[in-house]
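Letters A, B, ... mirror the listed sequences (proteins, then strands); counts begin at 1.
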There are 2 protein chains.
Amino acid sequence: MSVPKFAQIKEFILENIQSGEWQENDRVPSENELTSQFQVSRMTARRALCELTDAGILTRSQGQGTFVASFKSQSSLLEIKNIADEVKARNSDYSCTILVMESIRAIAPIAIALGVEVDSHVYRSVIVHNENEQPLQVEERFVNPALAKDYLQQDFHSLTPHEYLSLNAPLTEARHTVEAIMPNQEMCEWLNLYNEEPCLQVIRRTWSSQGIVSFARLVSPGSKYRLGGHLTFKK
Amino acid sequence: MSVPKFAQIKEFILENIQSGEWQENDRVPSENELTSQFQVSRMTARRALCELTDAGILTRSQGQGTFVASFKSQSSLLEIKNIADEVKARNSDYSCTILVMESIRAIAPIAIALGVEVDSHVYRSVIVHNENEQPLQVEERFVNPALAKDYLQQDFHSLTPHEYLSLNAPLTEARHTVEAIMPNQEMCEWLNLYNEEPCLQVIRRTWSSQGIVSFARLVSPGSKYRLGGHLTFKK
DNA sequence: CAACTCGTCTTGTATATACAAGGAAATTAT
DNA sequence: ATAATTTCCTTGTATATACAAGACGAGTTG
C-alpha cells in the first residue's frame, strides 16, 4: 500500500476545501458517509477527520457533525529562540557579560508582573549577550525567588538564565510582547550604541505550575537583530 | 467515565517527564508495556502516545520505540494577526485609506523577492490602516500579477489585500521577519508622525502552490502597536 | 571474520464491533 | 398549542484482532 487510505481521505477533503467546493463552516461528510464513500472502516475515516481537526483545518462537534474551520483568525507565527543557540547556529562566537546579579526590593510594576508583594525581595540580573564580542542583546530579568532560590549563585556563562529556569521550574506557559522602542542612555551604553537607533524589545513572562517564575526584557539593536518566522500550511 | 483512559495515560507520561524522572531522549514505555501496565487495549495506549507525539512532547520511530523529545530547539511563538480583525476585536473603529494602486516595473530587489523578471510589471498598493481614524499601520504590498490578475480592481475597503489574496491563491507558505526601524520621511507622513519614533516593521512573503504571491511590508509606530504571543505547554 | 537469515520487538495501518453521550428533529402526551 | 419524550444521527471512547514494515540482535552460513 503506497498511500495509506486515511491519507487519501485527507487529501480528498483538502482538495475540496482548497478548490473552494467546501467553504468555511460548510459541513463535511460524516464518518459514516466517508465510510461508505471510500469503502473503509469508520475508524479509518475517523482518523482522517481527527487529524485534520488537530491541524486546525476542521472543527468537530459531537451530535452536530464536522465542519470546515473558519480561517478568520488565521494568524501567522514567529519564533523567539534562545539567543545563545541562534548565535551558535550562525557559526559565530557566543559570549556573555554579566553586569548585574542582585537581590532588590520590588517596586510596584515589577511586583505586579511577578505576582509578589510590593517591596518583597526579588532577584535581578542583567546580562549582555555577545556575537563575536559585539553586544547583540541585553537581557534584564526579574526572578521570583520562591521558585528559583539559587538563582544568584548560578554561573550564566555556561547555562543561560532561560535554560536554568527551564530546568528548575518547568515552564507551563509563556507570554510575549514585541515592540519597537528607543533605548535610554543606560541601554545605549550596554549595547555599545554611539548613535541612537531603534531597538526591538521582547517582554517575556514565564509561568510554571507554582506561579510566575520570571519576567524578562530582551533588547536588541534594530540593525543587528530581527525575528524570523516560517509558516507552512500543511498539506 | 469521568477522565478517559487515554487521558490518564497521557497524564502519567507527562508527570514522569515534568518531574524529571524521564529525561530528554529517554525511552518511554512501549505500547505493549502500557497496555499491560494500565490494563487497556493497545489502541488506547497508542492513542496516548500518538497525541503526545503530535504535541511535540514525544518522538516515535518504527522498530525502535518512543522517546522523550528534546527541548533544545524549544522556541516560543508570536502571532501576527490580520490588522483589521485585531482592531475590531478591540471594539475600535476600523477604516483604511488607499494611497497607491498601480502597476510598476519591478526593480531588482522587488523582482527577486517576488521571483519574477527584473523590469517586468508587478502590482503595488499602499494602504494605511486606521484605528479610530488614527493611522496604525502602513501596508506596502507588491503582488505577482500572474497569480492575482484582478488585484488592482479590488475595493480594499471591504476586504483586506491579505484576505483577497488568501481567497484567490490559497496560501501554502509564509515567511516573516520583524525588525525595529526608523521610518523615513514619507513613512512619517503616512503614519502622521510629527516626532520621529521607532517603528515595528514586519516583512511578509507568501507562497501559493503556483509560486510567490506577494511581498508585503507592514510598518507600525512603536508607541501604538505591538505583537503579542501566548504559549501554553499543554498538559 | 564477514555476510546473511531469522526471530522478535517496535510502531504503522486497517477493520469490526460495542456502547456512551451530545444535538436536533419528529413524535407523543399533556 | 405547548411541553415532554422518543428516536435517530452525530461524534467520543474503548476493545480485540490482523497484518505490514522498520530496527536490531542472535545465530547461522559462507
Select one nucleotide: of C:dT11, D:dT13, C:dT13, the one nearest the side-chain heavy atoms of B:E31.
-> C:dT11
Under 4.0 angstrom between A:R60 side-chain N/O and D:dG12 OP1 or OP2 | yes
Does C:dA24 have OP1 or OP2 sitting under 4.0 Å from an N or O in the side chain of A:Q64?
-> yes
N/O donor-acceptor pair under 3.5 Å between B:N16 side chain and B:W22 backbone = no
Find the distance B:R42:CZ to D:dC19:C1' and express it as a whole number of Å.
-> 11 Å
Does a side-chain N or O from A:S61 land closer than 4.0 Å to OP1 or OP2 of C:dG22, or not?
-> no
For the residue pair A:Y151 and A:F156, is the inter-centroid distance of their aromatic rings smaller than 6.0 Å?
-> yes
In whole angstrom, what separates A:I9's CD1 from C:dT13's P?
-> 13 Å
A:R46 CZ - C:dC19 P separation (whole Å) | 18 Å
Hey, which sits more toward the 5' end of DNA chain D by its nearest nucleotide, A:M43 or A:G63?
-> A:G63
Between C:dT11, D:dT13, C:dT13, which one does the side chain of A:P4 approach most closely?
-> C:dT13
A:L49 has an atom CG; how far is it from atom C1' of D:dT13, in whole Å?
-> 16 Å
Side chain B:Q62 and base D:dA21 donor-acceptor under 3.5 Å = yes
Taking OP1 and OP2 of C:dT10, is either one under 4.0 Å from a side-chain nitrogen or oxygen of B:N32?
-> yes
Length of the NZ-P vector between B:K10 and D:dG12, whole Å | 14 Å
Does the side chain of B:S41 get closer than 4.0 angstrom to OP1 or OP2 of D:dT17 through an N or O atom?
-> no
Pairwise side-chain contact, A:R141 with A:L165, heavy-atom cut-off 4.5 Å (strictly under) = yes
Identify whether any heavy atom of B:R47 sits under 4.0 Å from a base atom; if not, whether one sits that close to sugar-phosphate; answer base, sugar-phosphate or nothing.
-> sugar-phosphate
Validation row: A:P161, A:I127 side chains within 4.5 angstrom (heavy atoms) | yes
Report the distance from atom CZ of B:F67 to atom C1' of C:dC9, rounded to the nearest whole Å.
-> 12 Å
Starting at CG of A:L34 and ending at P of C:dA14, how long is that distance when rounded to a whole Å?
-> 14 Å
Could you tell me the separation between the CD1 atom of B:I9 and the CG atom of B:L14, rounded to the nearest 0.5 Å?
-> 12.0 Å
A:Q39 CD - C:dA14 C1' separation (whole Å) | 14 Å
